[in-house]
Chemist: 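What follows is a structure written as structure tokens; I'll ask about it next.
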Amino acid sequence: MSLRYLSKVAIVTGGSKGIGRGIVKAFVENGAKVVFCARGGEAGKDLEAELNGAGPGSCTFVSCDVSKEEDIKRLITITVETHGRIDCLVNNAGWHPPHQPTDETTAEEFRDLLQLNLLSYFLASKLALPYLRLHQGNIINISSLVATIGQKHAVPYVATKGAIISMTKAMAVDESVHKVRVNCISPGNVMTPLWEELAGQSPDAAATIRAGERCQLLGRMGTEAECGRAAIFLAADATFCTGIDLWLSGGAELNYGEKSQISS
């Protein structure tokens with residue numbers, strides 16, 4: 001099988017676990033040189049060793065808190081100093097807080113989530129764009145299906161993810177003159193450590209996971225590997241796509257389901 005991103009350089013934020021891990025693996029498997037970051041060091045170092053041992057591409061882990069502008073600047077600098085170029089930026093780092101009603105959510109909590117989930121995407125894109133423009137590269141922003149269909153007791157999270165989609169479209173317009181493509185992936189339910197953590201906060205984690213699986217027409221959740229393949233498609237193959245929002249949802253948005261929240 002041909003390597004679809006051979007010797008290209010990609011940055012993946014939040015790449016040590018979950019969807020980000022699936023994306024890092026897919027790029028390395030397709031011959032890319034990947035610089036990925038996360039706040040925690042151990043998982044990142046373990047993934048770096050695993051993937052460098054397997055190849056055919058390579059990866060470098062950088063400890064980075066994307067809520068801090070200086071950390072993002074350092075991530076970009078390390079990538080350029082190490083590899084001399086940037087071909088793809090995948091903005092993935094983010095968090096889904098525990099579900100809670102709007103009137104129990106503080107303004108500070110909302111601001112902190114905006115800083116992590118949205119402003120970090122803007123800053124990483126801004127700092128990477130001068131290098132992406134040199135090689136007609138691309139940006140992939142990870143949003144969420146709930147940005148389009150909504151989610152109960154998750155107003156700040158849904159708001160940040162909706163803003164990511166809008167920012168993707170606006171940036172695609174601006175960067176078209178530089179031949180830089182900007183696209184978005186909106187996953188539905190994907191089995192990740194964060195999904196398991198949130199399920200663990202429910203009274204019955206196994207039942208919560210089964211309910212999550214039943215939300216998809218395909219009767220299961222997505223996988224990290226499927227997220228990786230979607231990212232490679234946008235980076236390597238979808239050369240006439242910019243400003244799109246790719247739904248990776250298993251059909252969760254289709255057909256009727258129990259919606260009413262009115263108590264009987």
Side-chain angles (χ1 to χ4, degrees), residues 1-38 43-62 64 66 75 79 82-83 85-94 121 124-125 128 132 135-145 164 168 180-195 216 218 220-242 244-250:
M1 189 171 104
S2 63
L3 302 179
R4 294 153 68 192
Y5 225 55
L6 182 63
S7 298
K8 299 287 183 107
V9 177
I11 296 174
V12 182
T13 68
S16 66
K17 59 184 179 180
I19 289 173
R21 176 171 57 195
I23 293 171
V24 172
K25 285 185 175 181
F27 274 88
V28 172
E29 288 168 356
N30 280 278
K33 302 171 184 177
V34 183
V35 178
F36 70 101
C37 74
K45 285 295 182 184
D46 288 346
L47 183 61
E48 178 186 59
E50 173 193 339
L51 296 183
N52 283 335
S58 63
C59 63
T60 303
F61 172 71
V62 177
C64 172
V66 295
L75 175 67
T79 302
T82 303
H83 298 296
R85 62 187 289 159
I86 302 173
D87 296 286
C88 180
L89 167 67
V90 182
N91 286 309
N92 167 72
Y121 281 35
S125 299
L132 292 168
H135 302 285
Q136 298 183 6
N138 70 101
I139 296 172
I140 301 170
N141 295 319
I142 306 302
S143 180
S144 172
L145 179 65
I164 288 167
T168 296
V180 172
R181 297 180 297 110
V182 187
N183 292 299
C184 186
I185 299 173
S186 286
N189 284 331
V190 176
M191 182 47 69
T192 64
L194 180 57
W195 217 107
Q216 286 69 235
L218 299 183
R220 63 173 178 86
M221 294 197 197
T223 66
E224 296 176 7
E226 287 170 322
C227 294
R229 290 196 290 271
I232 279 290
F233 164 71
L234 287 177
D237 305 323
T239 52
F240 197 53
C241 292
T242 194
I244 71 166
D245 178 22
L246 177 61
W247 286 12
L248 193 69
S249 64

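Each residue takes its place number in the sequence, starting with 1. Side-chain atoms are counted along with the backbone in the values below, which use heavy atoms only and exclude waters and symmetry mates.
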Chemist: List in chain and number order the residues that pass side-chain hydrogen bond (donor to acceptor under 3.5 Å, both in side chains) with Ser249, two or more places apart in sequence or in another chain; answer none if no residue qualifies.
Modeler: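 Partners of Ser249 under the side-chain hydrogen bond (donor to acceptor under 3.5 Å, both in side chains) test: Glu253.
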Chemist: The criterion is side-chain hydrogen bond (donor to acceptor under 3.5 Å, both in side chains); which residues satisfy it with Asn141, sequence neighbours excluded?
Modeler: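 Partners of Asn141 under the side-chain hydrogen bond (donor to acceptor under 3.5 Å, both in side chains) test: Asn91, Thr168.
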Chemist: In residues 13-20, what donor-acceptor pairs under 3.5 Å come from side-chain atoms, sequence neighbours left out?
Modeler:
unit_1 : atom_1 : unit_2 : atom_2 : d
Thr13  : OG1    : Asn92  : N      : 2.8
Thr13  : OG1    : Ala93  : N      : 3.0

Chemist: Applying ring pair (Phe, Tyr, Trp, His ring centres under 6.0 Å) as the test, list every pair that has at least one member in residues 8-27; sequence neighbours left out.
Modeler: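 Listed by first then second residue: Tyr5-Phe27.
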Chemist: Can you find a heavy atom in the side chain of Trp195 that is under 4.5 Å from one in the side chain of Val190?
Modeler: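 No - every pair of side-chain heavy atoms lies 4.5 Å or more apart.
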Chemist: Side chain to side chain contact (heavy atoms under 4.5 Å, CB included) between Cys184 and Ile244: does it pass, once the steps are laid out?
Modeler: CA-CA 6 Å; Cys184 186; Ile244 71 166; over 6 Å; no
Chemist: How would you list, by chain and number, every residue that makes a salt bridge (charged side-chain N to carboxylate O under 4.0 Å, His left out) with Arg21, sequence neighbours excluded?
Modeler: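 So Arg21 forms a salt bridge (charged side-chain N to carboxylate O under 4.0 Å, His left out) with Glu224.
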Chemist: Excluding sequence neighbours, so at least two apart, what forms side-chain hydrogen bond (donor to acceptor under 3.5 Å, both in side chains) with Thr239?
Modeler: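 Thr239 satisfies side-chain hydrogen bond (donor to acceptor under 3.5 Å, both in side chains) with no residue once adjacent residues are dropped.
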Chemist: Any heavy-atom pair between the side chains of Ser125 and Leu89 that's under 4.5 Å?
Modeler: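 Result yes, sub-4.5 Å side-chain heavy-atom pair found.
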Chemist: Is there side-chain contact between Cys37 and Val66, with at least one heavy-atom pair below 4.5 Å?
Modeler: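 When only atoms from C-beta onward are counted, Val66 and Cys37 do touch, with a gap below 4.5 Å.
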Chemist: Return the set of residues passing side chain to side chain contact (heavy atoms under 4.5 Å, CB included) with Asp237 (not counting sequence neighbours), or none when no residue passes.
Modeler: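 Side chain to side chain contact (heavy atoms under 4.5 Å, CB included) list for Asp237, sorted by chain: Arg4, Phe233.
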Chemist: Evaluate side chain to side chain contact (heavy atoms under 4.5 Å, CB included) for Lys33 paired with Lys8, printing each intermediate quantity in order.
Modeler: CA-CA 6 Å; Lys33 302 171 184 177; Lys8 299 287 183 107; over 6 Å; no
Chemist: State, to 0.1 Å, how close Ile164 and Ile142 come at their nearest heavy-atom pair, and which atoms those are.
Modeler: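 Shortest heavy-atom contact: CD1-O, 3.9 Å.
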Chemist: Would you sort out whether Val62 and Phe36 count as a side chain to side chain contact (heavy atoms under 4.5 Å, CB included), showing the intermediate values?
Modeler: CA-CA 6 Å; Val62 177; Phe36 70 101; over 6 Å; no
Chemist: Is there side-chain contact between Ile86 and Ile11, with at least one heavy-atom pair below 4.5 Å?
Modeler: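 Touching, per the 4.5 Å side-chain cut-off.
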Chemist: Are Ser144 and Ser186 packed together at the side-chain level, in the sense that at least one heavy-atom pair is separated by less than 4.5 angstrom?
Modeler: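 With C-beta onward as the side chain, the pair stays apart.
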Chemist: Just jot down the salt bridge (charged side-chain N to carboxylate O under 4.0 Å, His left out) partners of Arg85, sequence neighbours excluded, or say none.
Modeler: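 Scan of Arg85 (salt bridge (charged side-chain N to carboxylate O under 4.0 Å, His left out), adjacent residues dropped) gives Asp87.
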Chemist: Check whether any side-chain heavy atom of Ile139 lies under 4.5 Å from a side-chain heavy atom of Cys88, and answer yes or no.
Modeler: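 Sidechains of Cys88 and Ile139: no contact.
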Chemist: Which residues pass the side-chain hydrogen bond (donor to acceptor under 3.5 Å, both in side chains) test with Glu226, sequence neighbours left out?
Modeler: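 Expected list: Arg220, Thr223.
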Chemist: Is there a side-chain contact between Leu145 and Pro187, using heavy atoms and a 4.5 Å cut-off?
Modeler: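 No. Closest side-chain heavy atoms not under 4.5 Å.
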Chemist: Who passes ring-ring contact (aromatic ring centres under 6.0 Å, His included) against Tyr121, sequence neighbours left out?
Modeler: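 Once residues adjacent in sequence are excluded, Tyr121 has no partner under the ring-ring contact (aromatic ring centres under 6.0 Å, His included) criterion.
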Chemist: Can you see which heavy atom on Cys59 is nearest to which on Asn52, and at what distance?
Modeler: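 Smallest heavy-atom distance, with atoms named: N-OD1, 2.8 Å.
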Chemist: Let me confirm one number: the CZ-CG distance from Arg181 to Leu234, rounded to the nearest 0.5 Å.
Modeler: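 Rounded to the nearest 0.5 Å, the CZ-CG separation comes out at 7.0 Å.
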Chemist: Less than 4.5 Å apart, any side-chain heavy atom of Val9 and any of Thr79?
Modeler: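 Sidechains of Thr79 and Val9: in contact.
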Chemist: Once side chain to side chain contact (heavy atoms under 4.5 Å, CB included) is applied, do any residues pair with Glu50, and if so which ones, sequence neighbours excluded?
Modeler: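 For Glu50, the residues satisfying side chain to side chain contact (heavy atoms under 4.5 Å, CB included) (neighbours in sequence not counted) are Lys25, Leu47.
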Chemist: Tell me, please, which residues at least two apart from Ala230 pass side chain to side chain contact (heavy atoms under 4.5 Å, CB included).
Modeler: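 So Ala230 forms a side chain to side chain contact (heavy atoms under 4.5 Å, CB included) with Ile185, Leu246, Leu248.
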Chemist: Give the minimum heavy-atom separation between Asn30 and Ser2, together with the two atoms involved.
Modeler: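 Taking Asn30 first and Ser2 second, the nearest heavy atoms are OD1-O, 4.2 Å.
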Chemist: Does the side chain to side chain contact (heavy atoms under 4.5 Å, CB included) test come out yes or no for Val24 and Leu51, once each step is laid out?
Modeler: CA-CA 9 Å; Val24 172; Leu51 296 183; 3.6 Å; yes
